[in-house]
Amino acid sequence: MTSLTSTIRHKAAEAFLALFPDSGITPEDITINETKPEFTGDYTIVLFPFIKKLRQSPEALGEQLGQRLVAGDPLFTAYEVIKGFLNLTVQDSYFIGFVKDHYKDAGFGKHAPKDAAIMVEYSSPNTNKPLHFGHLRNNFLGWSVSEILKENGYRVIKANLVNDRGIHICKSMIAWMRYANGTTPESTGIKGDHLVGDYYVKFNDAYKAEIAELTAQGKTQEEAEKEAPIMQEAQELLRKWEAGDPEVYSLWKKMNGWVYEGFDITYKALGLDFDKYYYESDTYLLGKHLVEEGLQKGILFKKENGSVWIDLTEDGLDEKLLLRADGTSVYMTQDMGTAQLKYNDYHTQKSIYVIADEQNYHMQVLRLIMQKLGEPCADGIYHLSYGMVELPSGRMKSREGTVVDADDMIAEMISLAKAQTESAGKTEGFTDEELEALYKTIGLGALKFYLLRVEPRKKMIFNPAESIDLHGFTATFIQYAHARICSILKKNEGWEDRITALDISNQPLATLEKAILLHLEQYPQIVAQAADEYNPSVLCNYAFKLAQSFNSFFDKHSIIRAENDNIKTVRLLLASMTASILKRTMGMLGIQVPERM
RNA sequence: GGUUCCGUAGCUCAGUUGGAUAGAGCAACAGCCUUCUAAGCUGUGGGUCAUUGGUUCGAAUCCAAUCGGAAUCACCA
């Protein structure tokens, strides 16, 4: 179905052409805004762009156009010209017909399947420590963008590229070997990712102590950092791992296994899922053949010591290393190979990387290199860059113990939801299981909404002391509106039977009713916009505004005590559709909405 | 120094391809529950849209410069 704004655009263009046959005005030339609340009307056509060309005053042009539209089309019932703006009032029966047709139309706002696959890589954790609050933003963003794209008709592959190898894991391994005495998640009852993370912290403590000792012996800081035994052991471990040492390999597998068990618990708690896992231990050697090809094509060059580079100075960037002098690859090389692998696996039209903005440069270079190499995946590479989550004291540093742990945060939000529900005295009539589920819905909803409501690009500061609110621009607000509507619908069981008797043409709408309907009508455009911008915050804002307009309506107008059955049916229709659109919008954010709260 | 991003109310943020007197939430203050869930609603106060210039009928939005902040520019990942 076409949107109302697009319909108005077309009708206005027709009217323009009828009045001024030579004007050549097309629907795309016409700017349409929502009419500001202080004026009467629903949508507004901006007249300024045409006055010069048509040699008309804004007032005269508005009058002619308004008269023609209102006289010639039942869609419009009134117009008003103020300054250079033509405010049009849309017929009430249009909106009533709209809500009657779509109030339980699951296809409304869902876009037809496209023959295109998009991969969304997100989460991509390191396996040496548990997830922290900052990672949550990544996870929620990636998951939500995937769902938004699905709703827009794309085939989506959610991918997780697990960073399961490298010096950071070796650090945890060394510390575990030195200090753990064979303890495991089972023996300690500690969640696997946390256990491994504890030894990562332990490594850094021991490392620091050794550096201090060495500098006390007269070494420089730099020497001490290099020579500290524990660091040397970690590096030795990495060499052994790369050589395929069976003992090192089996410990690595064991500890990674603990971490995966831990991650799975967290992912499950958050409702996150993946269609495809990639592991860096499988992909870290990829990309070398691309370097070879690039050398042959003369796109890359070799320095005297044998290292391979690409010159990006013409693009305003630097020279970038792709192969070390000893022939080993670097991070970029690996990412080149992985980009190609992903493309070959799924023939994706687009490949989205949900990665923090600290890697903007890296991603810019990756795309550029692939373009220069003429790889077919190159143009589809899209970096969904997001700002880091910081504490009032600055960035979270796991080495300094300033991280807000994801699991702790989840638990805290759920208990906050519990405390609020209990203090509001809203636990009556629920079983214990229902309450548990409700606290999760509210707590996790608040957490997800908090991290998704801001445009991804912007960095955010999270103040744990102030915690996360459950009032105002929050998931709770929207969930509450949904629950209230459900309660009303329940009290009006059988209301749908009266829809056939509804007199569409003879039912004037109140301003607050129309405001809701205007929002509902815009839903498909919002879903499309969120996909175009890869931006879930669009949905947060939309759901909030919709809930807000329902609340205002709900406060002023009674549904049960509506003036007559006709009005009552209309109100139930729009309440019902509001609930279902809220549910669908929140669904794309990964947030559930309760029927009671 | 190069590249990229950000700067809107005390705080956190919206603000569509340029359009009317720049909007929400939080915080503050004042009201609204014998009537469908008050986790709600209504109202008040609060702004040099970082600054300056330009483009135009019109700029928070586009362009340039300046100021302030962030990330990054490793034979690390």
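Labels below follow one simple rule: chain letters A, B, ... track the order of the sequence lines, proteins then strands, and each chain is numbered from 1. Computed from a predicted structure; not experimentally measured.
- A:Q420 and A:T476 share no donor-acceptor pair across their side chains, judged by distance under 3.5 Å alone.
- Among B:A77, B:G19, B:A24, the nucleotide with an atom closest to any side-chain atom of A:H168 is B:A77.
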Considering only nitrogen or oxygen atoms on both sides, find all protein atoms under 3.5 Å from nucleotides 57-62 of chain B and state each distance.
residue	atom	partner	partner atom	Å
B:C57	OP1	A:K52	NZ	2.7

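- Summarising the geometry, the separation between CG on A:N87 and C1' on B:G19 is reported as 12 Å, rounded to the nearest angstrom.
- If you check the side chains of A:E225 and A:Q221, you find a donor sitting under 3.5 Å from an acceptor.
- Using a 4.0 Å heavy-atom distance criterion, A:S385 is classed as making no nucleic acid contact.
- What separates CD1 of A:I310 from C1' of B:C73 is a distance of 16 Å, to the nearest Å.
- The aromatic rings of A:F473 and A:F449 lie perpendicular to each other, with more than 60° between the two planes, well past the 30° mark.
- Residue A:I167 contributes atom CD1, which lies 16 Å from atom C1' of B:A74 at whole-angstrom precision.
- Under the Watson-Crick and G-U wobble criteria, each requiring two contacts below 3.5 Å, nucleotide B:U37 is left unpaired.
- Using Watson-Crick or G-U wobble geometry with both donor-acceptor distances under 3.5 Å, B:U17 finds no partner in any strand shown.
- Separation of the C1' atoms belonging to B:U55 and B:C62 is 8 Å when rounded to the nearest angstrom.
- Among the protein residues, A:N163 comes within range of the sugar-phosphate backbone only, with heavy atoms under 4.0 Å from sugar or phosphate atoms but none that close to a base.
- The aromatic rings of A:Y542 and A:H519 sit perpendicular, their planes meeting at an angle over 60°, well past the 30° parallel limit.
- Look at the C1' atom in both B:C11 and B:C32: the space between them is 27 Å, to the nearest Å.
- Look at the C1' atom in both B:A59 and B:A77: the space between them is 44 Å, to the nearest Å.
- Judged purely by distance below 3.5 Å, without hydrogens or angles, the side chains of A:T127 and A:N256 pair a donor atom with an acceptor atom.
- Taking 4.0 Å as the cut-off between side-chain N and carboxylate O, A:R571 and A:E563 count as a salt-bridged pair.
- Nucleotides B:C26 and B:G46 are separated by 13 Å at their C1' atoms, to the nearest Å.
- B:C5: Watson-Crick or G-U partner is B:G69, with both key distances under 3.5 Å.
- A salt bridge links A:E319 to A:K303: one of the charged nitrogens lies within less than 4.0 Å of a carboxylate oxygen.
- Among the nucleotides B:G19, B:A77, B:C41, the one closest to any side-chain atom of A:V46 is B:G19.
- In textbook terms, a nucleotide whose glycosidic angle is within 90° of 0 is syn, while B:C11, being further out, is anti.
- Side-chain contact of A:S172 with A:N128: a donor-acceptor pair under 3.5 Å is absent, judged by distance alone.
- A:L447 CG to A:Y450 OH: the interatomic distance, rounded to the nearest 0.5 Å, is 10.0 Å.
- A salt bridge links A:R596 with A:E434: at least one charged nitrogen is closer than 4.0 Å to a carboxylate oxygen.
- Taking the six-membered ring where tryptophan is involved, the planes of A:F85 and A:F48 are perpendicular, since the angle between them exceeds 60° and thus also 30°.
- Distance from the side chain of A:D469 is smallest to B:C26 among B:U72, B:A77, B:C26.
- Distance CZ (A:F449) to P (B:C26): 13 Å, rounded to an integer number of Å.
- B:C63 sits 11 Å from B:C6 when the P atoms are compared, rounded to a whole Å.
- For B:G58, there is no paired nucleotide, since no Watson-Crick or G-U wobble pair has both relevant distances below 3.5 Å.
- Ion pairing of A:R457 with A:E455 is present here, as a side-chain N (NZ or NE/NH1/NH2) and a carboxylate O approach within less than 4.0 Å.
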Completion exercise
With sugar-phosphate taken as primed atoms, P, OP1 and OP2 and all else as base, the protein-contact string of nucleotides 3-17 of chain B at under 4.0 Å (heavy atoms; B, S, -) is S-SSS----SSS---
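- B:A22 and B:A14 have their C1' atoms separated by 11 Å, given to the nearest Å.
- Across all strands shown, B:A28 pairs with B:U44; the Watson-Crick or G-U wobble distances both stay below 3.5 Å.
- Between A:R239 and A:E236 a salt bridge is recorded (basic side-chain N to carboxylate O distance below 4.0 Å).
- Each of A:T7, A:L4, A:N33, A:N87 was compared with A:Y43 under the side chain to side chain contact (heavy atoms under 4.5 Å, CB included) criterion, and only A:L4 meets it.
- Look at CZ on A:F550: it is 20 Å from C1' on B:A24, rounded to the nearest Å.
- Taking atom CD of A:E314 as the reference point, atom P of B:G2 lies 19 Å away to the nearest angstrom.
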Fill in the blank from the handout: Expected string for nucleotides 30-39 of chain B under the B/S/- scheme (protein heavy atoms, under 4.0 Å, primed atoms plus P, OP1, OP2 as sugar-phosphate) is -----BBBSB
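- In this structure, A:H362 atom NE2 and B:A74 atom C1' are separated by 13 Å, rounded to whole Å.
- Across B:A27 and B:U4, the matching C1' atoms stand 35 Å from one another, rounded to whole Å.
- Separation of the C1' atoms belonging to B:U51 and B:G7 is 11 Å when rounded to the nearest angstrom.
- Between the NZ atom of A:K171 and the P atom of B:A77 there is a distance of 12 Å, rounded to whole Å.
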